[in-house]
There are 2 protein chains.
Amino acid sequence: MKDIHKHSKIITAATKVFAKKGFFNARISDIAKEAKVADGTIYLYFNNKYDILISVFEEEIGKIVEQIKKSLAEETDPRKMLEIFATKHLQSMKKNKNLAEVIQIELRQTNKLIKDYRNNKFSDYTDLVEEIIRLGQKQNIYCLDVEPGIAKRIFFGALEEVSRVWNTSIDGHYTVDEISGQLLKIFLSGILLPEKNAAR
Amino acid sequence: MKDIHKHSKIITAATKVFAKKGFFNARISDIAKEAKVADGTIYLYFNNKYDILISVFEEEIGKIVEQIKKSLAEETDPRKMLEIFATKHLQSMKKNKNLAEVIQIELRQTNKLIKDYRNNKFSDYTDLVEEIIRLGQKQNIYCLDVEPGIAKRIFFGALEEVSRVWNTSIDGHYTVDEISGQLLKIFLSGILLPEKNAAR
DNA sequence: TTTAAATGAATGAATGGCCATTCAGTAATT
DNA sequence: AATTACTGAATGGCCATTCATTCATTTAAA
């Protein structure tokens, strides 16, 4: 029953409540009840409601980012790197659905509303994709007419949207490998039949 | 100065205020001020605050969807169809940045919070992509190993994320054609150099 | 044609409910 | 006994919504 223990209990509870009701509809008392502490206790660990949300981002996203960065560090083939990125990201999102929901729905809001809050860990994270693409271009594996800044958005936007199947869809039965396979297939080779490919 | 006029003035004002502050931070009085009407007037045209947001979705998104459907109706080549879809969508988002912001940030929230509200127009809209892909597969232009349901998400997720450059990015200087060109290039032919393509 | 009544739109101040935050008091730990 | 951690009821501010009143326009009567 020490500081850190209660802190992370509140973080977990908050993630769950934010995921379920959204930040603005979440009551401090909901979070307190979920974490099995008194309302006031929350204010011993956080300054205010926003601070809880920011902490969810900083701490929970941070874990994922670190883990993926570590996996990437061991690989040099840009094709494999994108595969690792996609697979690990999807795994994380499937494993922690509450966090996924909060990232997908609340992070954008917050980035907009709190202009002076930039989740740098998250930006760094998405920027990884851009770096991988530049690397692949240098190695003459990826086309030079691909703009890495746009391609990053395409890859990451696609990744986020497909990861939503587990939170929103009726047909959330896809596996991580199926989805990441489809994403990589399309991102790397496109959807045209090979013989049609010369056209572009 | 009749009914419909004031109704749409409020819709436009609300879109602007929601885009700027987000739904939950938007005050009815903000919207009233922006629309140059009294607070109470808003309740002559809408039942409550949520009703305003829902109306924004229904009416404004509806216009875009109709317009794009119309453009698509004149085309039969699935490659061209995706091009039209992407280009028109990006054009709309670039033209009406407030609406874009509201769609990208508030629509998901609302879909989650109001379980019994499904923006069917919007689902129909994204489903168009799925249909186009199936069509292309039937015509032997698109690979059969692409899962249309996932591919739809990939395409649409990418499209939404790239369209955000105009709202969020410092480098929002890209043109619609540049971005849609990159998206189609990647989605159709992938990012691998042609000679590497056999690998997959 | 003028004047008066009726209708309906618009207003904005007042209400009431909600909930983040506080803090005086209680319990646990040293 | 003193310090630290926790509690949860009470406070105060905010804001969606209401509604008594005003204003504008139309209709009817004189």
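All chains are named by letter (A, B, ...) in the order of the sequence lines, taking the proteins before the strands, and each is independently numbered beginning at 1. The model shown is predicted, which means the values in this text are computed figures rather than measured ones. All values below were derived from every heavy atom in this structure, side-chain atoms included, with hydrogens, water molecules and symmetry-related copies excluded.
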Within the sub-3.5 Å range, which N or O atoms of nucleotides 27-30 of chain C have a protein N or O partner, and how far apart are they?
none

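- A/I28 places its CD1 atom 17 Å from the P atom of D/dA9, with the value rounded to the nearest Å.
- At whole-Å resolution of the value, NZ in A/K33 and C1' in C/dC19 are 14 Å apart.
- A centroid separation of 6.0 Å or more is found between the aromatic rings of A/F187 and A/Y142.
- One interatomic measurement links the two molecules: NZ of B/K49 to P of D/dA16, which rounds to 5 Å at whole-angstrom precision.
- A 4.5 Å side-chain heavy-atom check between A/E83 and A/D77 finds every atom pair outside the cut-off.
- Between A/E60 and A/K63, at least one side-chain N (NZ, or NE/NH1/NH2) sits under 4.0 Å from a carboxylate O, which counts as a salt bridge.
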Under 3.5 Å, which donor-acceptor pairs do the side chains of residues 90-103 of chain A form with other protein atoms, sequence neighbours left out?
residue: A/S92; atom: OG; partner: A/K88; partner atom: O; Å: 3.1
residue: A/N96; atom: OD1; partner: A/L99; partner atom: N; Å: 3.1

Check: residues 160-167 of chain B side-chain donor-acceptor pairs under 3.5 Å, at least two apart:
residue: B/E161; atom: OE1; partner: A/R108; partner atom: NH2; Å: 3.3
residue: B/E161; atom: OE1; partner: B/R164; partner atom: NE; Å: 3.3
residue: B/S163; atom: OG; partner: B/Q104; partner atom: NE2; Å: 2.9
residue: B/S163; atom: OG; partner: B/E160; partner atom: O; Å: 2.8
residue: B/W166; atom: NE1; partner: B/Y174; partner atom: O; Å: 3.0

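- The separation between B/N48 atom CG and D/dT17 atom P is 5 Å, rounded to whole Å.
- If you check residues 14-27 of chain B against DNA chain D, the residues with a heavy atom closer than 4.0 Å are B/A26, B/R27, listed by number.
- The pair B/K70-B/E66 does not meet the salt-bridge criterion, since no charged nitrogen lies less than 4.0 angstrom from a carboxylate oxygen.
- We find that CZ of B/F46 is positioned 13 Å from P of D/dT17, with the value rounded to whole Å.
- At a cut-off of 3.5 Å, with distance as the only test, a side-chain donor of A/E59 or A/H7 sits close to an acceptor on the other residue.
- The hydrophobic cluster containing A/I105 does not contain A/V56, counting ILVMFWY residues as joined when their side-chain heavy atoms lie under 4.5 angstrom apart, directly or transitively.
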Using nucleotides 11-16 of chain C, report all nitrogen or oxygen pairs with the protein that are shorter than 3.5 Å.
residue: C/dT11; atom: OP2; partner: B/A38; partner atom: N; Å: 2.8
residue: C/dT11; atom: OP2; partner: B/T41; partner atom: OG1; Å: 2.4
residue: C/dG12; atom: N7; partner: B/G40; partner atom: N; Å: 3.2

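- Applying the 6.0 Å contact sphere to NZ of A/K33 captures no more than 12 heavy atoms from other residues, nucleotides or ligands.
- Nucleotide D/dA16 holds its P atom 13 Å from the CG atom of B/L53, rounded to whole Å.
- Considering only the side chain of B/Y43, D/dT17 comes nearest among D/dT17, D/dC6, C/dT21.
- In this structure, CG of A/D30 is placed 10 Å from C1' of C/dC19, rounded to the nearest angstrom.
- Residue A/K121 comes nearest to A/E58 through the heavy atom pair NZ-O, 3.1 Å, listed as atom of the first residue, atom of the second, then distance.
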Donor-acceptor contacts under 3.5 Å from residues 11-24 of chain A side chains, at least two apart:
residue: A/T12; atom: OG1; partner: A/S8; partner atom: O; Å: 2.9
residue: A/T15; atom: OG1; partner: A/I11; partner atom: O; Å: 2.7
residue: A/K16; atom: NZ; partner: A/E34; partner atom: OE2; Å: 3.2
residue: A/K21; atom: NZ; partner: A/D30; partner atom: OD2; Å: 3.0

